[in-house]
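Written below as structure tokens is the structure these notes are about.
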Amino acid sequence: MLKLPRKPRTLFGKLMLSHLLIVALSLIIIGFFLTYLIEDYFFSAREWELAAQAQDAAYLVGEDLLENDIAGVQKTAETLAYSMNAKIRVLDHNRSSLYIYDPEQDQNNAGGEDEGVGLEEREINHIFKGNMLSKKVYGPVLQRLLVAAPVIYEEVRPEEELPAGNDSTDQKEPRVIGAVTLSVPLRGVEETIAHISRLVLYSGAVGVAIAAILSFTLSKTLTRPLQKINRAALDMAAGNFRGKIEEERDDEIGGLIKTFNYSVEQVQKYLEEQKRLEMLRRNLVANVSHELKAPLASVRGYSELMLDGYIQESEKEKYLRTILDNSVHLSRLVDDLLTLSHLESGQLSLEKKEISLEALARWSFESVAPRGEARGINLSLELEPSLPVFYGDRHRLHEVLVNLLENAIEYTESGGNVTLNVKQADSQIIMEVIDTGRGIAEEELDNIFERFYKVDKARCRSEKGSGLGLAIVRQLVELHDGYIEVESEINKGSTFRIYLPLSG
Ligand code: ADP
């Protein structure tokens with residue numbers, strides 16, 4: 001039993017098969033039409049030629065037929081059959097065969113009843129009304145073309161010469177006194193068609209081969225990058241980012257590769273961000289515990305010592321102050337944590353009002369001035385004249401500035417400078433806190449706004465710092481639709497710059 005090829009499952013196979021089918025189908029259709037056209041043309045040409053010959057033959061046998069000269073008819077017909085190379089048949093006015101001659105078989109049949117006239121009754125009627133007729137007949141081996149022409153006698157002489165049995169009374173009308181049929185095998189057509197079919201077949205084979213090669217290369221160029229993308233996507237799913245697919249194309253597949261590369265990049269970025277956040281989250285618990293541990297231990301230690309009576313009355317006040325300081329630090333830490341948690345969960349809302357930037361700057365500056373002076377820092381306040389009114393939360397912006405100023409004082413040595421500068425640039429307010437302190441290393445700059453991030457972890461901090469300040473500052477600035485940036489150079493100083501949009 002014939003086994004059909006398995007249906008191709010790959011895109012590659014489908015493309016190849018469809019190309020080959022298209023080529024084969026086109027060739028079959030072209031071959032079919034060509035055969036039809038050639039046959040038609042050939043047949044028409046032969047028909048036209050044979051019709052002319054049949055008319056000539058009819059004219060030539062007409063004379064003999066009129067005179068009832070059977071021998072003359074036979075002679076003329078045979079000569080004609082030879083010269084035209086066609087089977088000839090002469091019918092008399094009774095519509096019966098008078099003579100048949102086939103030069104191919106070299107047989108004649110005078111008045112013979114052979115295989116039949118090859119014409120139907122109504123066709124003979126048609127001819128004997130004076131019409132030409134042509135048709136295809138199917139011989140034993142080949143198709144044949146048969147053309148019949150009536151033998152017409154134009155009456156010009158008196159009626160006594162009419163052939164016997166003709167009842168026609170209208171002597172002036174042309175009369176049909178017989179017919180001649182010529183038939184030829186349509187051999188040439190079939191040979192030509194066979195030749196053309198062979199040509200179509202050969203060019204078909206070449207076409208299919210070329211189509212196979214073309215579709216093979218085309219399919220390869222289509223499926224190779226798809227396979228690459230597939231492999232890369234599988235790798236990605238397994239958590240293995242091999243990077244981008246290196247292939248430059250400006251077609252749809254190129255677009256797909258670009259999109260894929262972009263997605264890989266995005267997923268990679270997202271995963272890195274997730275990893276970073278996860279690390280921060282894990283650190284948070286450790287950081288909170290760490291920050292709480294030291295002041296709690298100190299409060300507990302001193303309280304126990306006092307209760308156990310180990311501390312003299314004269315020293316009690318000093319220890320009580322330490323306990324108080326630590327408690328203050330603890331409650332500030334808890335406040336900061338609460339603020340931050342409110343900020344991050346979106347629960348903290350601003351109380352926005354129209355505020356004077358000058359008043360805000362002076363208030364913040366004065367809040368930190370005593371501490372700055374105590375540490376021997378030169379503080380200065382630079383305000384651009386006629387600053388506009390700003391719409392924002394006065395207390396939260398004060399918190400922001402104090403935080404930045406306190407950091408600047410904290411991380412600047414005695415004798416250094418700390419400046420608060422407020423100015424307007426277009427539709428923005430720029431507030432800068434500039435110090436000449438120890439600066440921040442470039443690789444730390446991205447991290448200092450993370451909660452609990454401290455640059456110098458070893459040098460354990462004064463009671464104030466918790467690493468939460470800048471995280472809160474950034475969130476508050478962003479709540480005002482602004483942003484904060486920092487420029488810093490080790491041992492030269494830092495500038496924290498806040499941009500606030502005036503429209504907000
Ligand atoms: P902290 O409460 O520890 O100051 P912050 O969030 O305010 O926490 O600051 C985070 C870290 O950034 C600090 O530990 C410090 O190392 C660094 N930093 C902040 N401001 C300055 C500054 N003006 N100069 C140098 N380092 C700074």
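Since this is a predicted model, take the numbers as computed values, not measurements. Note that ligands are numbered from 1 as they come in the structure, with each ligand's atoms numbered from 1 the same way.
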Ligand 1 versus [X], non-hydrogen atoms closer than 4.0 Å: side chain, backbone, both, neither?
| X | answer |
| --- | --- |
| E410 | neither |
| V433 | neither |
| L470 | both |

Legend entry - Minimum side-chain heavy-atom gap L348-R396 below 4.5 Å: yes

Inset, instruction - Establish, for the pair K353 and Y391, whether the NZ or CZ atom is under 6.0 angstrom from the six-membered ring centre and no further than 45 degrees off its axis. - result: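 Verdict for Y391: no cation-pi partner in K353.
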
Those atoms of ligand 1 less than 4.0 Å from some heavy atom in [X]:
| X | value |
| --- | --- |
| A408 | 23 (N) |
| I448 | 10 (C), 12 (O) |
| R438 | 16 (O) |

Inset, instruction - Answer with yes or no whether F496 contacts ligand 1, where contact means a heavy atom under 4.0 Å from a ligand atom. - result: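 The answer is yes, since F496 has a heavy atom less than 4.0 Å from ligand 1.
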
Inset, instruction - Tell me, please: is S494 in heavy-atom contact with ligand 1, that is, under 4.0 Å? - result: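 Contact check S494 vs ligand 1: positive.
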
Inset, instruction - Evaluate the ring planes of F496 and F449, with Trp represented by its six-membered ring, and classify them as parallel (under 30°), tilted (30 to 60°) or perpendicular (over 60°). - result: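 Perpendicular.
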
Inset, instruction - Assign the ring pair F390 / H480 to parallel, tilted or perpendicular, where the plane angle (0 to 90°) is split at 30° and 60°. - result: tilted

Inset, instruction - With rounding to the nearest 0.5 Å, note down the distance linking CE in M306 to CD1 in I323. - result: 4.0 Å

Legend entry - Gap between atom CD of E413 and atom CD1 of I377 - 0.5 Å precision: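 If we round to the nearest 0.5 Å, I377:CD1 and E413:CD are 8.0 Å apart.
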
Legend entry - Minimum non-hydrogen distance to atom 4 (O) of ligand 1, winning option of L405, N407, T495, I434: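 Shortest heavy-atom distance from atom 4 (O) of ligand 1: N407.
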
Legend entry - Charged N-O contact under 4.0 Å between K269 and E273: no

